[in-house]
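Below you'll find the structure, written out as C-alpha cells, and then a few comments.
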Amino acid sequence: MFRQTVNITTMNLRSVLSRKGSSSIIVVGIAGVVAVVVGLLAMSEGIRSALRETSHPDRVLVMRTGTQDEITGWLSAAEVNVLKGVDGIGTVSGELVVVVDLVTRETGKPGVAVARGVEASAFELRPDLTVVAGRPFQPGKNELLAGVNASDTYAGLDVGSKVNVRDALWEVVGHFDAGGRAHDSEVWMDLPIAQAAFRRDGVVSTARAMLDVGSDAALVSERIRQEPRLRADVVFERDFYARQSEAKTGMVETFAYLIGAIMGLGAVIASVNTMYSSVSTRSVEIGTLRALGFSNVPVVVSVMVEALLLALAGGLLGGAVVYVLYDGLVSSTLNVGSMSQVAFEFAVTPRLLLIGLGSALSLGAIGGLLPALRAARLPVVAALRSG
Amino acid sequence: MGELIRCTDVCKDYVRGAERVGVLRNVDLSVQDGTFTALMGPSGSGKTTLLNLIGGLDSPTSGEIEVDGLRLDSVNARALSAWRARSVGFVFQFYNLLPVLNAQRNVELPLLLTGLSRSERRKNAGLALEIVGLADRGKHKPGELSGGQQQRVAIARALVSDPCLLVCDEPTGDLDRSTADEILELLQTLHRELGKTIVMVTHDPRAADRAQHTLHMDKGRLVSNIEGLGTEVA
C-alpha cells in the first residue's frame with residue numbers, strides 16, 4: 001500500500017506542472033491570506049515589542065491610585081519628595097506627561113505627540129538614553145529634545161528649528177535615542193518650564209523610580225501603600241507597558257484573525273474548486289488506476305498531498321513576501337493609553353511565519369479533503385466514462 | 001479447456017433521476033478458457049456494461065458472475081480490486097495511458113501491485129513491450145507515440161502481470177483501418193500463441209471477424225451466438 005501511495009502521489013505531482021494555471025490559484029490565494037494575517041500579526045508584535053523594550057525590570061511607575069495611564073495621573077511635588085525617602089527606592093524622577101499638537105510629516109495634518117517634562121534625574125534613570133544630535137535642553141529655557149522617531153514623524157522637529165507649543169516658541173536643540181521606542185516618539189523639555197507652560201505648577205503626572213539593588217519590590221510597594229502622605233500605587237514598567245499594549249495588540253490581532261478567516265474562506269473555496277477541477281481532469285487517470293487494481297487510499301492521499309504542497313508553496317510565498325516587504329519597516333500607531341503616536345517596527349518573527357505556514361496547511365487540508373473523498377468515491381466505471 | 005466465465009441470470013439497472021433503467025436483462029453466458037470472443041451490438045445494447053461486469057469494474061443488480069472460480073457478485077470492493085490486479089488485463093478505446101509516465105513505466109504500473117522487485121518489474125515490462133513490438137520505445141511518453149503505438153503499450157500493460165483474461169473495449173475504435181488491423185493481429189497472436197482468453201467489445205464487423213466467435217446484444221439481452229465455438233448463450 002505504501003509503495004502504491006508513493007507512486008501514485010509522485011505521478012500526480014508530476015502532472016501538476018501541466019495544470020499550472022489552476023494550481024496557481026491555490027498558491028496565490030493562500031499566499032494572500034498568509035501575507036495579510038502575518039502582516040497584521042507582525043504589526044501587533046511590533047507594537048508589543050516597542051512598548052516592552054521601553055521597560056526596565058527594576059524601574060517602577062508610582063501613579064495616583066486608580067489611574068491607568070500617565071496623562072491622567074497627578075502627584076504633588078510633596079508626594080514626590082516623600083517617595084524619595086521611602087526605604088528601597090533609589091533615583092526618583094517626577095515627570096509631567098502631556099499631549100501637544102504637532103503636524104504629521106507624512107500627511108501634513110495635525111497629530112498628537114507626548115511631551116514629557118523632566119528633571120536631570122530622568123536621564124539618570126534611563127542610562128541607555130543618548131543625545132544623538134544637538135545637545136540636551138538647558139533648564140529654565142523653552143527648549144525641546146525630540147525623540148528620534150518623533151523627529152521623523154512630526155514636521156518642525158529638526159535640530160535648530162522652532163516649533164509653537166502652547167502659544168510659545170520652543171527651540172528644538174537636540175534629538176535623543178532612548179533605545180526604547182515609546183520614549184523615542186516623545187518630545188522632552190525642562191519640568192519647571194513645562195509645568196508653567198501647561199499650567200500644572202507644582203504637579204507631576206507620575207514619578208518613575210529605580211528600586212535599590214537587592215530591595216524587595218513587594219515590600220517597597222507595600223511601604224508606599226502604607227505611607228499616609230502618598231496616595232499612589234506602584235506598577236512595574238513592564239506591567240504598565242504590557243497593559244498599554246494589550247488594548248492595541250488585542251484589537252490588531254482580532255482584526256488579523258477576522259480578516260484571515262474571511263480571506264481564508266475565500267481561499268478554501270478556491271482550493272476546493274481547483275482540487276475538484278484537478279480531480280475532474282484526472283478522473284480517467286484515477287479510473288484507470290483503480291481498474292488496474294489500485295485502491296482508494298493512494299488516490300485520496302495523492303489529492304491531499306497535492307493540495308497540501310500547493311498550500312505550503314502559498315504559505316512560503318506569502319511569508320516571504322511579507323518578510324521582504326514589512327520586516328523592520330517603521331510605522332506608527334495611536335497609543336490608546338496616552339492618545340499619542342507610538343512608532344514601532346513590523347516584526348515578522350519565526351513564530352509568526354510558523355503561524356502563517358500552519359494556517360496555509362490547514363486551508364490546504366480543508367480544500368483538498370472534499371475533492372479527495374469525491375475522487376475515492378467515484379465509481380470506476382463513471383471515472384473511466386468521464387473522459 | 002475449462003469454463004473461465006459464467007454469467008447466470010445477470011441483470012444490471014441504472015437509476016436516472018426517478019427512473020430505473022434496465023441495461024442488462026437476464027443475461028446467461030459461458031466463456032471457455034483460451035477463447036477469443038467478440039461482443040457486438042448497437043449503442044446502448046449493454047455490451048460495455050456486460051464487459052465491465054466480467055472485468056469486475058461494476059457489480060450486477062442481480063444474478064451471478066463467476067470468473068476464474070471467483071464469484072464477482074459476492075466479494076467486496078477491496079477483494080475485487082485485488083482480483084482485477086491479478087486476473088484481468090484491460091485495453092481501452094482511448095488507451096488510458098498516464099501521460100506523465102513513459103511507455104516502460106506505464107507498462108510497469110500493474111506490477112507495482114505485486115511483490116516484484118524493481119529490476120524484475122523492469123524486466124517484465126521490457127518483455128511485454130517486446131511482445132507488442134515496442135521494445136525500442138520504452139523511454140517515449142504517450143504523447144510522443146502514434147495512436148497504434150499507444151494502444152500497443154496499453155496491450156503490453158494489460159499483459160504484463162500475465163492475467164488469465166483480457167477485456168478489450170473497442171480497442172480499434174480510435175484507430176485507422178491499417179493500424180486497427182495491426183492491433184487485431186496482435187490480439188490474435190496473444191490468443192493463439194499465449195493462450196489468452198480475450199473478450200472484446202466492438203462495433204466493427206471486420207474486427208469481430210478476427211475473433212473465434214461473436215455474440216450479439218440488443219436491448220440488454222444476448223440475442224445470438226455466431227460461430228459459437230467455446231461460448232454458449234443460454
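Here is how names work: the chains are called A, B, and so on, in the same order as the sequence lines, proteins then strands, and each is numbered from 1. Side-chain atoms are counted along with the backbone in the values below, which use heavy atoms only and exclude waters and symmetry mates.
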So for [X], is it side chain, backbone, both, or neither that comes closer than 4.5 Å to the heavy atoms of chain A?
{"X": "B/Phe90", "answer": "side chain"}
{"X": "B/Asn52", "answer": "side chain"}
{"X": "B/Tyr14", "answer": "side chain"}
{"X": "B/Leu111", "answer": "backbone"}
{"X": "B/Pro99", "answer": "side chain"}

Could you tell me whether the side chain of B/Asp58 reaches within less than 4.5 Å of the side chain of B/Lys12, counting heavy atoms only?
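SC-SC contact between B/Lys12 and B/Asp58 confirmed.
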For the residue pair B/Val91 and B/Leu166, establish whether any side-chain heavy-atom pair is separated by less than 4.5 Å.
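When only atoms from C-beta onward are counted, B/Leu166 and B/Val91 do not touch, as no gap falls below 4.5 Å.
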To the nearest 0.5 Å, what is the distance between CD1 on A/Ile269 and CD1 on A/Ile25?
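Nearest 0.5 Å value for the CD1-CD1 distance: 13.5 Å.
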Does B/Glu120, at its CD atom, have more than 12 non-hydrogen atoms belonging to other residues, nucleotides or ligands within less than 6.0 Å?
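Atom CD in B/Glu120 is packed in, count exceeds 12.
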Determine, for B/Glu66 against B/Arg71, whether the closest basic-nitrogen to carboxylate-oxygen distance falls under 4.0 angstrom.
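B/Arg71 and B/Glu66: not salt-bridged.
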Taking all atoms of both residues into account, what is the closest heavy-atom pair of A/Ala291 and A/Leu384, and its distance?
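Here A/Ala291 and A/Leu384 meet closest at CB-CD1, 4.4 Å.
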Using a 4.5 angstrom heavy-atom cutoff, name the option from A/Val380, A/Leu292, A/Asn296 with the most pairs to chain B.
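The option with the most such pairs is A/Leu292.
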Under a 4.5 Å cutoff for heavy-atom pairs, which residue among B/Arg78, B/Arg84, B/Arg86 has the most contacts with chain A?
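The residue among B/Arg78, B/Arg84, B/Arg86 with the greatest pair count is B/Arg84.
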